[in-house]
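Beneath this line is the structure, given in structure tokens, with notes to follow.
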Amino acid sequence: MQINPQQVLDALKNVEDPDLKKDLVTLNMIKDLNIVDKKVSFTLELTTPACPMKDMLKNACTNAIKHFVDAEAEISINVTSRVTQPVNSNSLDQIKNIILVSSGKGGVGKSTVASNLAVTLAKDGAKVGLVDADIYGPSIPTMFDLVHAKPGAEETAEGKTKILPIEKYGIKLLSLGFFADPGQPVPWRGPMASNAVKQLFNDTNWGELDYLIVDLPPGTGDIHITITQSFPISGAVVVTTPQQVALADTHKGLAMFRMPGINIPILGVIENMSYFTPQELPDNKYYIFGKGGGQVLAERFDVPFLGEIPIIQSIAEAGDSGKPATLNQNPLLDEIFGDIASKIAQQISINNAQASN
């Protein structure tokens, strides 16, 4: 008996996206349904290429059709994604989601996390940009081996000059470090700094981006307030280390995003330098700086704990050599950063869906 499209759609209404709490048909995730005899093919369009439940949803679709329609059906599912964006994000309309990577204090590896997060999302298939807004100590030029690079420029049809970000490893990059002599200090006053950072957003031809990751300066200063109040932010990720002194400052950083007038969704806490594992003893974990601080902080603020990143020599070496560690095919790091990137993308999809309801 010929399978008809309505039978397939009715079957797929039994498959629910666990994050968005609705079925795939209602969410309009089923595209290009085609049926020839017992061969059923369609596209499953997810809300992010970094979806952690990609395989689970694909299997659930197959099982639903076999159970409710025809046990002998031959099913082919093509998985794609269309990244969602917050409602009313009118500013920077080609950039779907802006993610802030923040820390209460310096030296916790925030730029390392931002760089590897950008690389991981790009490897998943997302269109990614990375802004280095740490005006006092820009690290991104070093981490991408672009210390002496200078961005290009183009003139628009309206006669405006736009900065062209530098592309490397599939990511569009821009840093205030590109516009200053690497060996010279730049004594920025507050308003100058704020205006310079605004230019990185407003006067740049970013093209279409699913995610623009912003590496913020440490602390809770002018730059943070300027960015959070000037642009539609999808959420902030907060990086800490397990030490009490870092956690105390990170607490202030988290509290800042909850202040009236800022009120940015907190996507979660990442604990960097969580433990040390010697290469020759891969099963041993030494918690040099304390244990579980990031988890406790996340629980205190009732936000997701996104994961622990261990102290691994290759992470530091990769940053210094200008090639982020997640490009070097280290299975442990791929799993850690892959999991963190998936959780962040997942949280953004949930927030965007809730805001549109």
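Starting from 1, each residue takes its place in the sequence as its number.
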Centroid-to-centroid, His251 to Phe301, below 6.0 Å? yes
Note, Thr47 side chain near Met29 side chain (heavy atom, < 4.5 Å): yes
Using a distance-only test with no angle check, is there a side-chain donor-acceptor pair under 3.5 angstrom linking Asn195 and Gln199? no
Whichever hydrophobic residues join Leu281 through chains of side-chain contacts under 4.5 Å: Met273, Phe276, Tyr286, Ile288, Phe289, Ile311
Lys58: partners by salt bridge (Lys or Arg N to Asp or Glu O under 4.0 Å), with sequence neighbours left out: none
Quick check: does any side chain N or O of Thr228 sit under 3.5 Å from a backbone N or O of Ile225, one acting as donor and the other as acceptor? yes
Can you tell me how far CD1 of Ile344 sits from CD1 of Ile99, rounded to the nearest 0.5 angstrom? 6.0 Å
Taking atom CG of Asn284 as the centre, report whether more than 12 heavy atoms of other residues, nucleotides or ligands fall under 6.0 Å from it. yes
Answer yes or no: is there a donor N or O on one side and an acceptor on the other, between the side chain of Asn328 and the main chain of Asn330, under 3.5 Å? no
Are Phe305 and Val296 connected in the hydrophobic side-chain network, where two residues link if heavy atoms are under 4.5 Å apart? no
Minimal heavy-atom distance between Thr120 and Gly338, with the atoms involved, is CG2-CA, 3.8 Å
Grouping I, L, V, M, F, W and Y whenever their side-chain heavy atoms are under 4.5 Å apart, do Val79 and Leu33 come out in a common cluster? yes
Do the side-chain N and O atoms of Ser314 and Glu317 include a donor-acceptor pair separated by under 3.5 angstrom? no
Other residues, nucleotides and ligands only: do more than 12 of their heavy atoms fall within 6.0 Å of NZ on Lys39? no
Once rounded to the nearest 0.5 Å, what's the spacing between atom CG of Leu117 and atom NZ of Lys110? 13.0 Å
What closest approach, in Å, do Ser115 and Met143 show between heavy atoms, and which atom pair accounts for it? OG-SD, 3.5 Å
What are the two closest non-hydrogen atoms of Ala64 and Val15, and how far apart are they? CB-CG2, 3.8 Å
Suppose the criterion is side-chain hydrogen bond (donor to acceptor under 3.5 Å, both in side chains): which pairs have a residue in residues 165-180, not counting sequence neighbours? Asp132-Ser175
Return the CD1 to CD1 distance between Ile264 and Ile233, rounded to the nearest 0.5 Å. 5.5 Å
Does any part of the side chain of Leu209, heavy atoms only, come nearer than 4.5 Å to the side chain of Lys96, both counted from C-beta? no
Heavy-atom count around Glu72 CD within 6.0 Å, excluding the residue itself: above 12? no
Before giving the answer on salt bridge (charged side-chain N to carboxylate O under 4.0 Å, His left out), spell out for Asp70 and Lys66 the whole-Å C-alpha distance, their side-chain angles and the decisive distance to 0.1 Å. CA-CA 5 Å; Asp70 191 329; Lys66 284 186 175 291; over 6 Å; no
Determine whether Phe231 and Leu216 fall in the same hydrophobic cluster, where Ile, Leu, Val, Met, Phe, Trp and Tyr are linked whenever their side-chain heavy atoms lie under 4.5 Å apart. yes
Work out which heavy atom in Ile171 is nearest to a heavy atom in Ala122; give both atom names and the distance. CG1-CB, 4.1 Å
Exercise: do Asn78 and Asp32 side chains pair donor with acceptor under 3.5 Å: no
Taking the side chain from Ser342 and the backbone from Ala50, do they hold a donor-acceptor pair closer than 3.5 Å? yes
Between CD1 of Ile312 and CG of Leu333, what distance do you get to the nearest 0.5 Å? 4.5 Å
Decide whether Thr240 and Thr250 meet the rule of one side-chain donor and one side-chain acceptor closer than 3.5 Å. yes
Side chains of Gln85 and Asn97: do they bring a donor and an acceptor to under 3.5 Å? no
Please check if the number of heavy atoms outside Arg82 that lie under 6.0 Å from its CZ is greater than 12. no
Give me the atom names and distance for the closest heavy-atom approach of Leu267 to Pro304. O-CG, 3.5 Å
Is the CD atom of Gln229 crowded by more than 12 outside heavy atoms at less than 6.0 Å? yes
Please report the interatomic distance CG(Asn59) to CE(Met53), rounded to the nearest 0.5 Å. 13.5 Å
Say whether Leu130 and Leu164 are linked into one hydrophobic cluster, either directly or through other cluster members, by side-chain heavy-atom distances under 4.5 angstrom. no
Could you verify whether a donor N or O on one side chain and an acceptor N or O on the other, from Thr326 and Asn116, lie under 3.5 Å apart? yes
Just wondering, do Thr226 and Lys198 contact through their side chains at under 4.5 Å, heavy atoms? yes
Nearest heavy-atom pair of Ala126 and Asp210: which atoms, and what distance? CA-OD2, 3.5 Å
Say whether Glu154 and Asn205, considering side chains only, have a donor N or O and an acceptor N or O under 3.5 Å apart. yes
Surrounding CD of Gln313 (heavy atoms of other residues, nucleotides or ligands, distance under 6.0 Å), is the total greater than 12? no
Would you call Asp215 and Ile213 a side-chain contact if the rule is heavy atoms closer than 4.5 Å? no
Decide yes or no for Lys162 and Thr204: does some side-chain heavy atom of the first lie under 4.5 Å from some side-chain heavy atom of the second? no
Can a donor-acceptor pair be found between the side chains of Ser234 and Tyr211 at a distance below 3.5 Å? no
Quick one about Ser349 and Asn352 (side-chain donor to acceptor, distance below 3.5 Å, no hydrogens or angles considered), yes or no? no
So OG1 of Thr48 and CD1 of Ile350: to nearest 0.5 Å the spacing works out to 11.5 Å
